[in-house]
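Notes follow once the structure below has been shown.
Convention: sequence-line order gives letters A, B, ...; per-chain numbering from 1.
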Amino acid sequence: MAKLNMVKALNLALLQEMERDEDIVVIGEDVGVDGGVFRVTEDLHRKFGGKRVIDSPLAEAAIVGTSIGMALYGLKPVCEIQFSGFSFQGFHQIENHAARYRMRSQGRFHCQMVVRMPYGGGVRALEHHSESEEQFYAHIPGLKMVIPSGPRNARALLVSAIRDPDPVVFFEAKGLYHAAREDVPDEIETLPIGRAHVVREGADLTVISYGAMLRVAREAAETLAAENGVECEVIDVLTLSPLDRETLVASVRKTGRAVIVHEAPRSFGPGAEIATSIMEGAFLSLEAPIRRVTAGDVPFVGFARERANVPDVARVLAAARDTLAY
Amino acid sequence: MAKLNMVKALNLALLQEMERDEDIVVIGEDVGVDGGVFRVTEDLHRKFGGKRVIDSPLAEAAIVGTSIGMALYGLKPVCEIQFSGFSFQGFHQIENHAARYRMRSQGRFHCQMVVRMPYGGGVRALEHHSESEEQFYAHIPGLKMVIPSGPRNARALLVSAIRDPDPVVFFEAKGLYHAAREDVPDEIETLPIGRAHVVREGADLTVISYGAMLRVAREAAETLAAENGVECEVIDVLTLSPLDRETLVASVRKTGRAVIVHEAPRSFGPGAEIATSIMEGAFLSLEAPIRRVTAGDVPFVGFARERANVPDVARVLAAARDTLAY
Amino acid sequence: MPRKVLEPRFSVEYLSILDSDGNLDAALEPEISPEQLQTLYRAMLLGRRLDERMVRLQRQGRVGTFAPIKGQEASQMGSVFSLRRTDWMVPSFRETAAMLWRGWPIEKLLLFFAGHLEGGQPAPDQRDLPITIPVATQLPHAVGLAYAAQYRGDDVVVMAFFGDGATSEGDFHEALNFAGVWHVPIVFVCQNNQWAISVPIKKQTHSRTLAQKALAYGLPGIQVDGNDVLAVYAASRDAVEQARAGDGPTLIECVTYRLGVHTTADDPTKYRSEEEVQEWERKDPLTRFAAYLQKKNLLPEGLEQEVDAEIAAAVTRFEAAAAADPLRMFDHVYAEPPPHLVAQREEMRERLRSDNAPPEGEPHPSPPMRGQRSTSRWRN
Amino acid sequence: MPRKVLEPRFSVEYLSILDSDGNLDAALEPEISPEQLQTLYRAMLLGRRLDERMVRLQRQGRVGTFAPIKGQEASQMGSVFSLRRTDWMVPSFRETAAMLWRGWPIEKLLLFFAGHLEGGQPAPDQRDLPITIPVATQLPHAVGLAYAAQYRGDDVVVMAFFGDGATSEGDFHEALNFAGVWHVPIVFVCQNNQWAISVPIKKQTHSRTLAQKALAYGLPGIQVDGNDVLAVYAASRDAVEQARAGDGPTLIECVTYRLGVHTTADDPTKYRSEEEVQEWERKDPLTRFAAYLQKKNLLPEGLEQEVDAEIAAAVTRFEAAAAADPLRMFDHVYAEPPPHLVAQREEMRERLRSDNAPPEGEPHPSPPMRGQRSTSRWRN
Ligand SMILES: Cc1ncc(C[n+]2csc(CCOP(=O)(O)OP(=O)(O)O)c2C)c(N)n1
Ligand SMILES: Cc1ncc(C[n+]2csc(CCOP(=O)(O)OP(=O)(O)O)c2C)c(N)n1
Ligand SMILES: [Mg+2]
Ligand SMILES: [Mg+2]
């Protein structure tokens with residue numbers, strides 16, 4: 001058991017899985033000698049060499065595309081896209097192929113691979129370095145989409161993603177990389193993909209979030225308990241796709257109210273599916289419209305305006321109080 | 001006034017706008033001499049020459065990317081992606097740039113351009129030739145996303161898209177290209193982008209759709225009227241983004257019930273935003289959960305299974321009856 | 001110091017052994033046993049005859065859109081012939097002859113073009129990727145396969161096919177660049193059939209040859225007469241051997257011609273002249289090879305009938321195949337179907353059971369859909 | 001017929017005029033007036049000094065991540081110097097010197113790197129695209145601009161900048177291919193600074209030079225000593241003239257070196273040796289050019305102080321600039337804000353008005369965020 005931040009926790013997952021399984025290779029820009037621009041792949045190159053930890057040329061489509069080829073052969077590539085803002089260069093490889101080889105070959109081939117990428121705000125970085133693109137991946141059938149919210153579940157979910165026979169897009173919130181440390185057990189842990197986690201129980205309101213926004217949701221819940229005596233159930237989605245509708249619906253059947261918090265732009269965003277799924281499954285329990293607290297529908301804002309754009313505790317509180325007062 | 005199918009109607013829009021405005025250029029694979037694989041750009045090459053109607057090399061990112069450059073210079077490119085299934089090769093150019101130059105340059109530049117592409121099923125074609133990807137474009141802020149449902153509105157909306165100062169992704173349902181003819185006036189017509197159209201009035205249930213599925217929605221409405229004496233309001237979304245929430249909400253405030261029909265996969269699909277927007281705006285009027293009738297969450301099915309996968313009248317009827325009986 | 005030309009200069013070679021007039025460069029004639037020569041010819045002929053049959057089946061609405069190979073049999077067979085069964089073959093969408101050679105049953109290809117998912121499934125032991133439709137996107141996969149083989153230390157070569165148009169895509173570039181840096185055992189076979197649908201090679205790139213594109217990656221590039229099966233074979237054999245020996249990738253440009261339509265949805269009279277087609281018909285790879293075999297007394301009698309019978313039997317099996325069960329479309333989305341897919345499948349099962357349901361899949365040969373005609377372009 | 005090397009062979013040239021030991025090839029010395037030489041030097045110096053200042057500002061948390069140009073001043077200024085004001089310049093993200101030369105005010109660049117949208121706005125008459133961050137994606141835009149200029153018949157040349165790493169992206173390939181086919185007035189300037197973050201050129205591509213990548217597109221490619229401003233200028237001038245005359249695109253590879261960090265978030269000691277850096281410091285483009293000017297008696301006194309004063313004044317203006325009004329983030333999404341954006345703006349306005357609201361934007365210089373340090377890597 002060691003206290004690790006999310007970077008170290010992810011690094012541990014990679015290290016331990018690579019020690020266990022020679023078929024795992026790591027590939028991406030600067031993942032080797034440099035250890036990744038966020039140091040998630042630190043030391044792996046030294047430990048496993050340049051054939052297993054590949055500093056690729058600068059080309060996202062080929063990073064994903066050659067990983068697909070490796071996966072078809074039987075390797076288990078874990079590729080890194082340096083920032084999610086540059087993942088669209090490889091989007092056609094993910095949508096056209098990684099997500100489809102199982103279907104296209106009727107089970108003869110499949111792509112056991114993970115596409116890791118940092119997403120979201122919080123590092124005072126320029127355009128394309130702070131956006132939240134999870135929606136684009138969540139809508140692709142055949143793909144799984146995972147977003148951990150802290151060191152321990154990040155490590156466990158990355159292990160599960162690596163072992164998952166299907167392609168997994170794995171979003172790591174940059175804002176969490178160094179935000180907090182958590183106890184992470186030495187032995188390998190896994191967490192089931194496709195399962196949301198109730199991180200706080202409550203009967204009055206369900207607050208749903210994931211990634212870096214989970215902290216915001218939790219803080220809002222604590223404040224509501226302290227200031228208003230309202231008990232929120234807080235759900236950490238963890239796997240965006242396939243979405244754990246059962247857990248979401250069960251909670252709202254109990255609470256009758258929900259607030260969804262995410263960093264992605266609102267329109268046609270992940271909150272819409274979450275809200276609709278709840279509405280479909282808990283319609284008669286709903287006491288108020290489900291609220292979405294999200295970033296604005298703007299392409300990017302520059303980090304000088306980031307705080308105003310990304311949901312914060314005050315906004316979640318306001319939405320929660322509105323919902324409760326409905 | 002002439003009776004035209006959708007191919008001819010779109011062709012007329014291009015022809016008339018190009019005659020009016022020299023800044024409009026057409027670019028894409030096979031759009032020139034061949035007139036486009038669906039013949040939407042027929043005769044334009046002959047009329048306007050190879051400098052204005054450009055047979056490009058086979059590269060979608062560059063088709064979109066060079067169009068962006070032309071737009072920045074002041075031209076108004078209308079580019080064609082041969083099938084929406086190949087648009088992801090140019091996705092990064094659309095998301096990273098076409099949708100952002102206005103913001104990035106704070107209004108100094110903008111991309112007045114249209115990216116046309118055929119989408120959807122109905123032509124007995126292979127993988128990547130029958131998918132519905134509108135959701136991916138609807139979620140991009142700074143972009144507009146238009147989907148006509150017949151010859152006349154296709155022509156009018158294409159003219160509006162060409163004249164719109166913002167980048168427009170324009171989806172043309174392959175299933176409609178030759179499906180029906182409509183009276184299309186000789187004089188240029190436009191339709192406002194961002195406005196949905198109530199194509200049938202009714203007080204009992206709102207059926208919302210767009211593109212090739214609109215016909216299915218309408219037929220279901222007629223059947224319900226004839227067989228059940230139920231009057232559906234049918235809404236043709238026409239512009240998916242920015243979504244005309246006002247029209248949708250107003251209708252459901254009246255009817256209390258809604259069914260959404262689309263060809264795209266369900267999860268994290270366009271129906272989710274439509275449903276959530278309605279729930280947000282018409283919560284107290286809702287008498288039943290909003291239903292989604294969509295294709296399955298599968299990457300593709302092969303055209304031998306297409307009919308079973310794409311919504312049909314029977315499925316809309318079943319959903320509508322469930323909703324009405326709720 | 002000053003302004004100077006960098007040495008050594010860059011070059012690409014051109015190879016032709018048996019020209020369209022039947023002239024043979026005996027010094028370059030590859031060693032192929034008589035039986036092998038006959039096998040090669042048979043495979044080319046099978047490709048040609050199946051092609052013709054497929055076009056007819058499409059016109060009758062019994063299969064969907066199909067991309068004929070007529071004219072490209074030498075490019076395909078000359079290259080794939082140098083592979084071992086244990087090597088990997090990565091096709092695009094116009095490699096029918098090569099795919100048959102690699103072991104795809106004819107009826108699977110028919111199923112594939114009739115819109116059945118089942119047609120895309122390689123046999124368990126087959127080292128072939130299924131058809132890839134998005135142009136050039138298969139090339140990074142091929143490089144990844146080659147990397148994996150090298151990583152595992154397997155004695156494997158990968159051969160990847162694509163067209164002239166494909167060389168314009170970013171994926172082509174990225175794949176060749178990765179292959180160069182990684183020095184993997186791969187052979188890139190470009191079938192330059194002069195056209196990408198209606199776009200001629202002149203509008204596709206300003207480079208003199210496609211072979212020279214290899215220079216951008218520090219790789220050897222060679223241009224061969226793609227209608228000369230001996231030249232294609234010789235070049236491919238060398239490239240495969242080189243790859244197998246650990247000497248890295250090669251780009252082979254086969255200069256050939258698509259004698260038929262781009263696909264059954266295409267009307268080439270819109271964009272190219274009858275004369276051009278006739279000129280290339282003179283260079284037909286089959287006629288040329290047949291004459292060569294004839295001279296050697298190796299041309300078997302009754303081969304066409306034999307091949308046609310094989311095709312006919314396969315067509316019969318194809319038509320007897322079960323209608324597509326729609327429910328199976330949920331089977332291979334994930335290894336395990338998640339709850340929402342289980343629910344969607346259940347919903348469909350209910351629906352198919354009920355009266356108002358559409359027929360259980362489409363029986364095939366399926367009728368043309370409303371508005372569809374067997375014309376020379378995409379129609380619904 | 002047989003196996004033969006295609007003629008003419010392919011070649012690329014190398015150009016160097018003033019080497020790092022101060023040797024001058026007088027025959028190749030470009031004609032540049034004394035005033036112009038001084039202007040050129042001043043622009044290079046301004047780039048260098050601002051660079052150093054920016055790095056300090058970043059360390060103090062007053063601007064965010066920034067990509068220094070130190071060592072690349074000759075590559076940037078030698079090339080952009082041959083453009084007219086009416087020509088277009090398309091930068092990537094490491095062209096500070098060239099951007100200043102093109103008329104970007106220093107304070108705008110500071111605003112840009114401080115995370116303010118306002119920093120990305122070119123002046124109304126300026127023919128410069130804003131900084132593009134996704135590698136190589138600006139190249140198709142540059143080709144589109146050149147196409148549009150040609151289409152309109154304007155006397156315009158486009159110059160586009162990118163790095164060695166950028167040559168691996170599909171967009172580079174597609175852009176050069178389109179430029180070749182369209183024969184548009186464009187000059188591609190590749191600053192090969194040997195590294196793409198931690199990836200050395202050897203791992204980036206297997207080709208000997210980057211200039212030879214032009215051969216894939218049938219274009220001329222030339223490699224120049226990128227730390228020799230005279231050579232860069234001579235090559236660029238020729239390429240610009242050629243483009244202007246309608247003779248098509250050129251690819252120029254400037255062989256240079258990034259003496260500093262990749263960005264302020266990078267720690268180069270992780271991947272490269274001090275010796276390598278020192279070796280390249282010997283080839284510093286500024287020292288070399290200064291010595292050349294010294295010999296000509298053209299090196300003005302007090303230039304550093306003058307340049308520093310210009311920078312200091314701009315930093316003061318930058319710091320006096322108004323805090324970012326968050327509401328303005330809705331202004332330039334569309335030409336007209338659709339209803340949902342109007343609503344979101346209104347919602348934000350309410351929020352900012354209320355008590356619990358975060359401060360109106362961040363005043364800048366903004367404090368490092370929680371957990372952020374001014375270390376040499378990306379941290380939050
Ligand atoms: C990425 C992508 N864009 C467009 C298409 C549509 N399309 C199918 S084949 C083709 C032309 C391909 O030309 P080439 O590479 O020369 O191969 P050929 O068809 O001549 O064998 C096009 C544009 C596609 N399949 N994939
Ligand atoms: C498409 C894309 N992928 C990744 C990145 C992250 N990144 C920023 S700069 C850089 C290296 C660029 O190398 P090079 O082209 O040589 O330019 P240099 O930084 O050396 O000037 C990378 C990988 C990016 N900005 N864009
Ligand atoms: Mg071709
Ligand atoms: Mg570099």
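Using a 4.5 Å heavy-atom threshold, the side chains of A:Arg39 and D:Lys270 count as touching. Considering only heavy atoms from C-beta on, D:Glu169 comes within 4.5 Å of A:Glu60 through its side chain. A 4.5 Å side-chain heavy-atom check between A:Val37 and D:Asp266 finds every atom pair outside the cut-off. No side-chain heavy atom of D:Tyr271 sits under 4.5 Å from any side-chain heavy atom of A:Asp30. Looking at heavy atoms from C-beta onward, D:Thr205 lies out of side-chain contact with A:Pro57 at the 4.5 angstrom threshold. Here the side chains of A:Gln89 and D:Thr137 are in contact, with some heavy-atom distance below 4.5 Å.
Within the 4.5 angstrom heavy-atom criterion, no atom of D:Ala136 approaches chain A. Looking at D:Phe113, both its backbone and its side chain come within 4.5 Å of chain A, counting heavy atoms on both sides. Of the two parts of D:Phe93, neither the backbone nor the side chain holds a non-hydrogen atom closer than 4.5 Å to a non-hydrogen atom of chain A. Looking at A:Ser56, the atoms closer than 4.5 Å to chain D (heavy atoms on both sides) all sit in the backbone: N, CA, C or O. Contact annotation for D:Leu117: both backbone and side-chain heavy atoms come within less than 4.5 Å of a heavy atom of chain A. Proximity to chain A (any heavy atom under 4.5 Å) is restricted, for D:Gln344, to the side chain, taken from C-beta onward.
In this structure, the separation between OG1 on D:Thr132 and NE2 on A:His128 is 7.5 Å, given to the nearest 0.5 Å. For the atom pair CD1 (D:Ile133) and CZ (A:Phe300), the distance works out to 8.0 Å, reported to the nearest 0.5 Å. For the atom pair CD1 (D:Ile131) and CD (A:Glu127), the distance works out to 10.5 Å, reported to the nearest 0.5 Å.
In this structure A:Pro265 satisfies the side-chain contact (heavy atoms from CB on, under 4.5 Å) test together with A:Asp297, B:His139, B:Pro141, sequence neighbours excluded.
When each of D:Ala166, D:Gly165, D:Ser198, D:Gly120 is scored by its heavy-atom pairs under 4.5 Å with chain A, the top score falls to D:Ser198. Between chain D and the options A:Val33, A:Val301, A:Val7, heavy-atom pairs under 4.5 Å are most frequent for A:Val301.
Closest non-hydrogen pair, D:Arg351 versus A:Ala308, comes out as NH1-O, 3.0 Å. Between D:Asp267 and A:Asp34, the closest heavy-atom pair is O-OD1, 4.3 Å. The heavy-atom pair separating D:Phe112 from A:Leu126 by the smallest distance is O-CD2, 3.5 Å. Listed here is the closest heavy atom pair of D:Ala196 and A:Leu58: CB-CD1, 4.4 Å. The shortest non-hydrogen separation linking D:Ser168 to A:Ala59 is O-CB, 3.5 Å. The minimum heavy-atom distance linking A:Asn309 with D:Met329 is given by the pair OD1-CE, 2.9 Å.
Within 6.0 Å of NZ on D:Lys203 lie more than 12 heavy atoms contributed by other residues, nucleotides or ligands. D:Arg345 CZ: more than 12 foreign heavy atoms inside a 6.0 Å radius.
With hydrogens and angles disregarded, a donor-acceptor distance shorter than 3.5 Å links the side chain of A:Arg305 to the backbone of D:Asp325.
One finds no salt bridge joining A:Arg292 and D:Glu347 here, because no Lys/Arg side-chain nitrogen approaches an Asp/Glu carboxylate oxygen to under 4.0 Å.
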